[in-house]
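A short write-up of the structure that comes next.
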Amino acid sequence: MKTFDVVIAGGGLAGLGLARQLQMSSPELSIAVIEKQQFPRPRAIAKVGESTVEIGSHYLAKHLGLADHLQQEHLKKFGIRMFFGEAAPDFAQQDELGASQTFGIPTYQIDRGDIENHLAEQLQAQGVTIIESAQVSTLDTTGATKIINLNTVNGPQSLRAKWFVDAAGRASLLKNHLSLATQNAHKSNAIWFRIDRRIELDDWTSNPDWQARCTPRHKRWLSTNHLVGPGYWVWIIPLASGVTSIGIVMDDIAFNSSNITNQQSALLWLHQNQKRCAEAIGNARFMDFVILPDYSYDCKQMFSDQGWAITGEAGMFADPFYSPGTDFIAIGNGFISELIRTQMRGEDIRFKALLSEKLFKSIYSNTLSLYQGQYGGFGDRVMMGLKLLWDYSYYWGVLSLLYFGDVLVNLDSIRSLSPALQSAQILNQQVQELFRKRALQRLVLANRGVFMDQYQIPCLQYFNKVLMQLHAPNHGSINIATQLQENMAIITQVAAAVTNMLSTSPTTTISDSERDILGDYRLKILS
């Protein structure tokens, strides 16, 4: 029976990422990763989670040392982009929400097969044991030493470990073993597939004014593009391998009326609701097809002071909108790494485990509020133009600031910031409730050909500039407490403006203070 400090079940991004993070920070640890498949994986592996946003990208680049790999092997993402309204004769006539050029922090459309192969190679070269074609048959997590029994191609094996971490995705080994499964109040559904063809939205119109909205080096097809309507959104994500990932995400009202059960009915629905997407798919080969009803779920506990933890989709999953999956891997793996390192130093981790759990659950709950009850408004240009403004401001100004500033796992820092963070959370809940009320109307506004350019919003540029300073190597010192206070002053003004623009009688006059943080965005929203 082989003995390790840490055994991780699951050789996907969550498990390999945790192994890499531990190996980089504590090379003295003995680590084993159990994976049911074999390496190398196919390039376009059948996994959801190809798009990254700022926290996830920062984690991959800085904490896992993958900056060069991301730049050389994956597509640099051109932000999030949305197209509204009924299909117009010319695609340029549909309302568009996005940026005319990229903000500072690089984000990526990642090919999961490539990145997981690269991580596996790195880990094996550094002495991490990867046990392929293996599945956990039984677990004993009750004692100080965990016993993990495996079925492998070479027969049964048994491992001993001080720590066992479940990163095996929706198989949810530990959650099932310890009866930790629980539901949440968010109900939504997804249909997901990949095709062997690149879809380039830039070719959907030849209108020169539309083409000139974005700088020449920025191509819309590199965005995570969203085609939206009441109760649904369709994602189009390109991969470096030439494959395109497509998803149809719906609330229960839209899903129950869609009658989607297979590839043919999915294409039929697209022909009826997003014809240009269906035509772009054409006769492309479907590489896979998955229907995930009621995909959002929770977990009673993620971290334990008894030597076990859960990360990634093995524990919780909120929603694919905004692509938060890699963010939650980054945050969860950060807490787990800190707990393991602290205990290995011989320190008591009981309080740290409790606080980590509380903070992670708070982040999850706050993120879930972005989606719950809001899908009805996804076809509403006004609501979504304001929603992305608010959600970006909160994400960059609060959560990303904490993560980039390396304070989430610092108990003293988090405790001192707790009053400000509680105020921020209350404000977010108030604004999300306004969006929920608006979403009940399930509005679809007439096309105006409006371009809501997020790059022209001063506060978004400011928040990103701060993150760029923290993202840069050998960055100067930024006092996170002071910066959070400054950010919250801006975010409070954003909340007031959003509240007014969502009201039944919004003002069209822009005050000097609003212009400083939002520019003339109000005129775009209310046009």
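In what follows, every heavy atom counts, from backbone to side chain, and hydrogens, waters and symmetry copies are set aside.
- Checking side-chain atoms of Asp520 against main-chain N and O of Leu523 turns up no donor-acceptor pair under 3.5 Å.
- When side chains are defined from C-beta on, Tyr394 does not count as touching Val431, because their heavy atoms never get closer than 4.5 Å.
- Between Ala19 and Val33 the shortest heavy-atom distance is CB-CG2, 3.8 Å.
- Within 6.0 Å of atom CZ in Arg448, 12 or fewer heavy atoms from other residues, nucleotides or ligands are found, so the atom counts as exposed in its surroundings.
- At a threshold of 4.5 Å between non-hydrogen side-chain atoms, the residues Met250 and Ile260 count as touching.
- Atom OG1 of Thr244 sits about 13.0 Å away from atom CH2 of Trp235, to the nearest 0.5 Å.
- Counting only distance, with no hydrogens or angles, the side chain of Asn189 and the backbone of Pro293 share no donor-acceptor pair below 3.5 Å.
- Side-chain contact annotation: Asn500 with Arg522, donor-acceptor N/O pair under 3.5 Å present.
- In this structure, Gln441 places its CD atom where more than 12 heavy-atom neighbours from other residues, nucleotides or ligands lie under 6.0 Å away.
- If you check the side chains of Gln432 and Gln374, you find a donor sitting under 3.5 Å from an acceptor.
- Taking each heavy atom of Asp114 and Glu73 in turn, the nearest pair found is OD2-O, 4.3 Å.
- For the 3.5 Å distance criterion, the side chains of Ser188 and Asp251 fail to qualify, holding no donor opposite an acceptor.
- Using a 4.5 Å heavy-atom cutoff, the side chains of Thr326 and Ile55 are not in contact.
- Across all non-hydrogen atoms, the minimal contact from Thr182 to Cys299 is CG2-N, 3.6 Å.
- Closest heavy-atom contact between Leu401 and Val466: CD1-CG1, 4.1 Å.
- For the pair Thr224/Tyr322, no side-chain contact is recorded, criterion being any heavy-atom separation below 4.5 Å from C-beta on.
- Counting heavy-atom neighbours within 6.0 Å of Lys36 NZ, excluding the residue itself, gives a total of 12 or less.
- Side-chain polar atoms of Ser245 and Glu50 form a donor-acceptor pair below 3.5 angstrom.
- Under the 4.0 Å criterion applied to side-chain N and carboxylate O atoms, Asp202 and Lys219 are not assigned as salt-bridge partners.
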Can Trp390 and Asn428 be said to form a side-chain contact (heavy atoms from CB on, under 4.5 Å), step by step?
CA-CA 9 Å; Trp390 170 257; Asn428 179 56; 2.9 Å; yes
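- With hydrogens and angles left out, the side-chain atoms of Gln93 and Asn207 include no donor and acceptor closer than 3.5 Å.
- Between the side chain of Asp166 and the main chain of Ala314, no donor-acceptor pair closer than 3.5 Å is present.
- Interatomic distance, Gln135 CD to Gln37 CD, rounded to the nearest 0.5 Å: 8.5 Å.
- Salt-bridge check for Glu433 with Arg436: passed, with a basic side-chain N closer than 4.0 Å to an acidic carboxylate O.
- Using cut-offs of 30° and 60° on the angle between ring planes, the pair His471 and Phe404 is tilted.
- Using a 4.5 Å heavy-atom threshold, the side chains of Ile457 and Cys459 count as touching.
- Partner of Tyr521 under the side-chain contact (heavy atoms from CB on, under 4.5 Å) criterion, chosen from Gln456, Glu514, Met452: Met452.
- Without hydrogens or angle criteria, Asp380 side chain to Leu445 main chain gives no donor-acceptor distance under 3.5 Å.
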Run the side-chain contact (heavy atoms from CB on, under 4.5 Å) check on Leu518 and Met501 step by step: do they pass?
CA-CA 12 Å; Leu518 298 182; Met501 284 186 270; 4.3 Å; yes
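- Summarising the geometry of Leu75 relative to Leu239, their closest heavy-atom pair is CD1-C, 3.5 Å, with the distance given to 0.1 Å.
- Residues Ser100 and His218 bring no donor and acceptor atom of their side chains to less than 3.5 Å of each other.
- Aromatic pair Trp396/Phe103: centroids less than 6.0 angstrom apart.
- With salt bridges taken as basic N to acidic carboxylate O contacts below 4.0 Å, one links Glu35 and Arg41.
- Within a 6.0 Å radius of CD in Glu200, more than 12 heavy atoms belonging to other residues, nucleotides or ligands are found.
- Between Tyr232 and His226, the distance from one ring center to the other does not fall under 6.0 angstrom.
- Judged by distance alone, with hydrogens and angles left aside, the side-chain atoms of Glu357 form a donor-acceptor pair with the main-chain N or O of Met302 at under 3.5 Å.
- Ring to ring, Tyr392 and Tyr395 are not that close: their centroids are 6.0 angstrom or more apart.
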Would Ser51 and Gln109 count as a side-chain hydrogen bond (donor to acceptor under 3.5 Å, both in side chains) here? Give the steps.
CA-CA 5 Å; Ser51 186; Gln109 312 288 21; 3.2 Å; yes
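- Here the straight-line distance linking atom CG of Leu201 with atom CG of Asn225 works out to 4.5 Å at 0.5 Å rounding.
- Aromatic rings from Tyr108 and His74 are positioned such that their centres are separated by 6.0 Å or more.
- Under a 3.5 Å cut-off, the side chain of Gln211 and the backbone N or O of Thr205 do form a donor-acceptor pair.
- Using a 4.5 Å heavy-atom cutoff, the side chains of Leu368 and Asp298 are not in contact.
- A distance-only check finds no donor-acceptor pair linking the side chain of Asp319 to the backbone of Tyr371 [under 3.5 Å].
- With hydrogens and angles ignored, the 3.5 Å screen pairs a side-chain donor or acceptor of Thr492 with a backbone N or O of Met488.
- Side-chain atoms of Trp221 and Asp203 form no donor-acceptor pair, as typed in the model, at a separation below 3.5 Å.
- Nearest heavy-atom pair across Asn487 and Gly397 is ND2-O, 2.9 Å.
- Counted by atom type alone, Asn333 and Tyr59 present one or more donor-acceptor pairs between their side chains at under 3.5 Å.
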Tyr403 vs His63, test: ring pair (Phe, Tyr, Trp, His ring centres under 6.0 Å). Steps then yes/no.
CA-CA 11 Å; Tyr403 187 81; His63 292 271; 5.6 Å; yes
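- When atom types are taken as modelled, the side chain of Ser57 and the backbone of Glu54 share no donor-acceptor pair closer than 3.5 angstrom.
- Taking the centre of each ring, Phe83 and Phe91 come in below the 6.0 Å mark.
- No side-chain heavy atom of Glu96 sits under 4.5 Å from any side-chain heavy atom of Met82.
- Considering only heavy atoms from C-beta on, Tyr295 comes within 4.5 Å of Val249 through its side chain.
- Contact check on Asp252 versus Lys187 returns no salt bridge, with no Lys/Arg side-chain nitrogen under 4.0 Å from an Asp/Glu carboxylate oxygen.
- Taking the six-membered ring wherever Trp is involved, the centroid distance between the rings of Phe378 and Phe321 falls below 6.0 Å.
- Between atom CD1 of residue Ile510 and atom CZ of residue Arg515 there is a gap of 4.5 Å, rounded to the nearest 0.5 Å.
- Between the CG atom of Leu180 and the CD atom of Gln301 there is a distance of 6.5 Å, given to the nearest 0.5 Å.
- No donor-acceptor pair closer than 3.5 Å links the side chain of Arg81 to the backbone N or O of Gly98.
- At a cut-off of 3.5 Å, with distance as the only test, a side-chain donor of Asn184 or Ser296 sits close to an acceptor on the other residue.
- With no hydrogens or angles considered, no side-chain donor-acceptor pair links Thr52 and Thr107 at under 3.5 Å.
- Note: Phe360 and Phe328 have perpendicular aromatic rings, judged against thresholds of 30 and 60 degrees for the angle between ring planes.
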